[in-house]
Enquirer: 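Below is a structure I'd like to ask you about.
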Amino acid sequence: QVQLVESGGGLVQAGGSLRLSCADSARTYSSSAMGWFHQAPGKEREFVAAITWTGIMTAYADSVKGRFTISRNNGKNTVYLQMNSLKPEDTAVYYCNAGRDLATIRSQGVFASWGQGTQVTVSS
């Protein structure tokens, strides 16, 4: 049973932008904090960004601060990740998930099973 579906990935040149979406079609996590993670080939999954259910507070990995912006539209049960000034090292599969709060999500304490993610490839 797929609960969170990621989309919006693709191939982009360095310096370009992409916007990822995470749809919670079953409205399972409408009152949860949400986060984005990425996993590059041969590496472990890492935290990227998180947002509280109100959307008021956010948190980012140091590597993406100032370049990525997480947001959510609770009416559409969707969380977004706007990625600007992309770098080749951002290349990875990006996943979304839900959690209790920003700190828990940062440590990958999440509620849902991991989905298939969406591939982001940044060429130099």
Side-chain angles (χ1 to χ4, degrees):
Q1 182 178 359
V2 177
Q3 295 175 306
L4 298 170
V5 179
E6 304 92 346
S7 63
L11 173 62
V12 64
Q13 289 188 333
S17 299
L18 284 173
R19 189 176 82 153
L20 306 184
S21 298
C22 170
D24 175 16
S25 57
R27 299 173 58 90
T28 305
Y29 304 109
S30 57
S31 298
S32 300
M34 297 293 295
W36 284 96
F37 307 81
H38 69 198
Q39 186 168 20
K43 296 188 177 181
E44 294 186 350
R45 185 179 290 120
E46 298 178 333
F47 165 77
V48 174
I51 188 167
T52 54
W53 78 271
T54 61
I56 293 176
M57 295 181 64
T58 58
Y60 296 92
D62 288 344
S63 61
V64 306
K65 280 182 181 176
R67 300 188 299 122
F68 290 11
T69 302
I70 188 171
S71 62
R72 66 191 298 165
N73 183 328
N74 288 339
K76 294 184 177 181
N77 300 302
T78 303
V79 178
Y80 304 98
L81 186 67
Q82 178 67 44
M83 306 187 296
N84 298 329
S85 302
L86 282 161
K87 304 176 180 180
E89 50 264 44
D90 295 319
T91 295
V93 179
Y94 283 72
Y95 302 88
C96 67
N97 215 311
R100 185 181 66 186
D101 51 39
L102 300 186
T104 303
I105 289 178
R106 186 184 283 272
S107 61
Q108 300 199 38
V110 296
F111 292 155
S113 299
W114 294 102
Q116 293 190 340
T118 186
Q119 176 71 47
V120 171
T121 303
V122 184
S123 62
S124 58

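This chain uses plain numbering: 1 for the first residue, then up along the sequence.
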Enquirer: Show me the side-chain donor-acceptor pairs of residues 77-86 shorter than 3.5 Å, one per line, residues at least two apart or across chains.
Expert:
residue : atom : partner : partner atom : Å
Thr78   : OG1  : Lys76   : O            : 2.8
Gln82   : NE2  : Asn84   : OD1          : 2.9
Asn84   : OD1  : Ser17   : OG           : 2.9

Enquirer: Could you work out the complete set of other residues in the hydrophobic cluster of Leu11, with links drawn between I, L, V, M, F, W and Y side chains under 4.5 Å apart?
Expert: none
Enquirer: Could you go through Phe111 and Thr28, starting from their C-alpha distance and side-chain angles, then the distance that decides it, and tell me whether this counts as side-chain contact (heavy atoms from CB on, under 4.5 Å)?
Expert: CA-CA 10 Å; Phe111 292 155; Thr28 305; over 6 Å; no
Enquirer: Name all pairs fulfilling the disulfide (SG to SG under 2.5 Å) condition that reach into residues 15-45, sequence neighbours left out, sorted by first residue then second.
Expert: Cys22-Cys96
Enquirer: Identify the two heavy atoms, one from Ala112 and one from Leu4, that lie closest to each other, and give their separation to 0.1 Å.
Expert: CB-CD1, 4.0 Å
Enquirer: Between Phe68 and Val122, is there a shared hydrophobic cluster once you connect ILVMFWY residues whose side-chain heavy atoms come closer than 4.5 Å?
Expert: yes
Enquirer: Look at the side-chain heavy atoms of Ile, Leu, Val, Met, Phe, Trp and Tyr, link any pair under 4.5 Å apart, and say whether Leu20 and Tyr95 land in one connected group.
Expert: no
Enquirer: Which residue pairs pass the side-chain hydrogen bond (donor to acceptor under 3.5 Å, both in side chains) test with at least one member in residues 105-117, sequence neighbours excluded?
Expert: none
Enquirer: Hydrophobic clusters join Ile, Leu, Val, Met, Phe, Trp and Tyr when side-chain heavy atoms are under 4.5 Å apart, directly or via other members; which others share one with Met57?
Expert: Ile56, Leu102
Enquirer: Taking the side chain as everything from C-beta on, heavy atoms only, tell me whether Trp53 gets closer than 4.5 Å to Met34.
Expert: no
Enquirer: Return each pair, listed once, that meets salt bridge (Lys or Arg N to Asp or Glu O under 4.0 Å) where at least one residue sits in residues 63-72; pairs must be two or more places apart or across chains.
Expert: Asp62-Lys65, Arg67-Asp90
Enquirer: My understanding is that only one of His38, Gln39, Gln119, Glu6 makes a side-chain hydrogen bond (donor to acceptor under 3.5 Å, both in side chains) with Tyr94; could you say which?
Expert: His38
Enquirer: Counting only N and O atoms by type, is there a donor-acceptor contact under 3.5 Å from the side chain of Tyr60 to the main-chain atoms of Ile70?
Expert: yes
Enquirer: To check you understand the geometry: which heavy-atom pair defines the closest contact between Ser124 and Ala14, and what is its length?
Expert: CA-CB, 4.4 Å
Enquirer: Among Val48, Asn97, Ile105, find the residue that satisfies the side-chain contact (heavy atoms from CB on, under 4.5 Å) test when tested with Trp36.
Expert: Val48
